[in-house]
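One structure is given here, and the rest of the page talks about it.
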Amino acid sequence: MPQRLGIIGHPIGHSISPVFQQAALDHLGIDGTYQLWDVAPDAVEAFVQGLRERDVLGINVTVPHKEAVVPFLDEVDEWAATAGAVNTIVNRQGRLTGHNTDGVGFLRSLQDGGGFDPEGKRVLILGAGGAARGVVLALARARAGLLVIANRTAERADRLAALAEENGVSASAILLLEVARAAKSADLIVNCTSVGMSHGPDEAGSLLTANQIPSTCLVNDLVYNPLQTNLLREASNAGAAILGGIQMLVYQGAASFEMWTGQGAPVQVMLEAATAEMASRTH
Ligand code: ATR
């Protein structure tokens, strides 16, 4: 029986998950189709109940439904419970479990894509929104040494630093204005803001310039549209190592894929498909 998979969100037209998930299914010869489903908030419950059908392996969940799906699931794993959000639902014989692969995807992209192990390292995090929260929790799990959280709005940075401390990692909060000093001693810099994103609040922006970035650090921009952001350009000019956001996107999808299929995800195939798709969209 052909298997069904897909992603729900609202709106959802921009998602490139179908491209790289379908590439993975095809590569492994799995008889399945990964679709895009635009589901309005008032239709989420009925949609999730429908996932118990035998031909559904599972789905990804994106904005704005990551929290809304939780009450309709039979169980959520620890990552999803800690994050308070689900990005992956698995259907096993009518039983629905919720997972969150963002943290694992972020760590795998750092390790496999960036050759970077965060244990004991000093990390500068730009931003304090939902994406930054996921990154902080993942870095706490990976036993990072020290987190500095820089945000435009002080209160959100303070709250996130407190959450980091509750999760066992030393953390401090600073204003974005003070970021240059914190960058000097960073081993890893992660941009979790929407600065540099196409059609975002500051498309042409970069929160750091080349002269502020140490040549010894890794700069990871979670923005993947465009593939090459201005921050990554500045980091390259500084001689630093760079990691694009497409890596985290693909690795979180690869972790979902492995839960649905029980098979190792063909990550390189997925990365190539995702990169080609983004390149074709931006040209
Ligand atoms: P997400 O879920 O993608 O993290 P979010 O929760 O809205 O989205 O967070 C967006 C982040 O980008 C926040 O850290 C935000 O800063 P504030 O908390 O001060 O709003 C940051 N951000 C957005 N636009 C920005 C800009 N023009 N300059 C600096 N930071 C910006």
Side-chain angles (χ1 to χ4, degrees), residues 7-12 14-17 41 60-70 79-80 82-88 100-103 105-107 109 123-140 147-164 171-183 186 188-209 212-213 219-227 229-232 234-235 243-253 278:
I7 180 165
I8 64 166
H10 185 69
I12 189 67
H14 62 278
S15 171
I16 65 163
S17 292
N60 283 127
V61 181
T62 189
V63 182
H65 302 321
K66 288 185 172 193
E67 288 154 33
V69 297
V70 173
W79 283 93
T82 310
V86 159
N87 78 340
T88 305
N100 192 313
T101 63
D102 285 336
F106 169 69
L107 293 177
S109 85
V123 187
L124 170 60
I125 293 159
L126 307 173
R133 187 185 147 92
V135 162
V136 162
L137 291 171
L139 289 170
L147 308 185
V148 178
I149 298 158
N151 200 44
R152 184 177 56 180
T153 313
E155 194 212 343
R156 286 180 101 186
D158 288 340
R159 259 190 281 138
L160 193 52
L163 181 75
S172 60
I174 62 170
L175 282 172
L176 265 184
L177 298 168
E178 304 162 317
V179 80
R181 198 152 57 89
L188 169 68
I189 298 172
V190 189
N191 178 38
C192 307
T193 74
S194 36
V195 173
M197 190 189 289
S198 284
H199 315 295
D202 188 3
E203 204 171 318
S206 170
L207 293 174
L208 289 164
T209 53
Q212 296 169 327
I213 299 172
V219 176
N220 181 193
D221 199 336
L222 297 192
V223 171
Y224 60 85
N225 184 16
L227 288 166
T229 61
N230 282 331
L231 174 64
L232 293 179
E234 296 289 335
L243 183 66
I246 198 83
Q247 298 258 352
M248 175 178 168
L249 179 72
V250 166
Y251 276 102
Q252 62 79 33
M278 286 314 302

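We count ligands from 1, going down the list as the structure has it; atoms in each ligand are counted the same way.
Closest to atom 9 (O) of ligand 1 among all protein heavy atoms lies G129 CA, 3.5 Å. Among all protein heavy atoms, the one lying closest to atom 29 (C) of ligand 1 is L176 CD1, 3.5 Å. Scanning the protein heavy atoms around atom 23 (C) of ligand 1, the nearest turns out to be S194 OG, 3.4 Å. Nearest protein heavy-atom neighbour of atom 28 (N) of ligand 1: V195 CG2, 3.5 Å. Among protein heavy atoms, the minimum distance from atom 6 (O) of ligand 1 is reached at G130 N, 3.0 Å. Protein heavy atom in closest approach to atom 16 (O) of ligand 1: N151 OD1, 3.3 Å. Looking only at heavy atoms of the protein, atom 17 (P) of ligand 1 is closest to T153 OG1, 3.3 Å. Atom 20 (O) of ligand 1 has R152 NH2, 2.8 Å as its closest protein atom, hydrogens excluded (heavy atom only).
In this structure, Y251 OH and T101 OG1 are separated by 13.5 Å, a value rounded to the nearest 0.5 Å. Here R181 contributes atom CZ and Q212 contributes atom CD; the two are 13.0 Å apart, rounded to the nearest 0.5 Å.
Atoms of ligand 1 lying under 4.0 Å from any heavy atom of P201, numbered from 1 in the order shown and given with element: 24 (N).
Here's the thing with A132: none of its N/O atoms is less than 3.5 angstrom from an N/O atom of ligand 1. Considering backbone and side-chain atoms together, A131 places an N or O closer than 3.5 Å to an N or O of ligand 1.
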Distance-only check: which donor-acceptor pairs under 3.5 Å involve side-chain atoms of residues 190-197, not counting sequence neighbours?
from : atom 1 : to   : atom 2 : distance (Å)
N191 : OD1    : T193 : N      : 3.1
N191 : OD1    : T193 : OG1    : 2.8
N191 : ND2    : V195 : O      : 3.4
N191 : ND2    : D221 : OD1    : 2.9
T193 : OG1    : V195 : N      : 3.1

Which is it for L249 and Q252 under the side chain to side chain contact (heavy atoms under 4.5 Å, CB included) test, yes or no, and what are the steps along the way?
-> CA-CA 5 Å; L249 179 72; Q252 62 79 33; 3.7 Å; yes

Could you walk me through whether L147 and I125 pass the side chain to side chain contact (heavy atoms under 4.5 Å, CB included) test, one step at a time?
-> CA-CA 7 Å; L147 308 185; I125 293 159; 4.1 Å; yes

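Partners of N100 according to the side chain to side chain donor-acceptor pair (under 3.5 Å) rule, which considers only residues two or more places apart in sequence or in another chain, do not exist here.
In summary, K66 and D102 engage in a salt bridge, as defined by a charged side-chain N under 4.0 Å from a carboxylate O.
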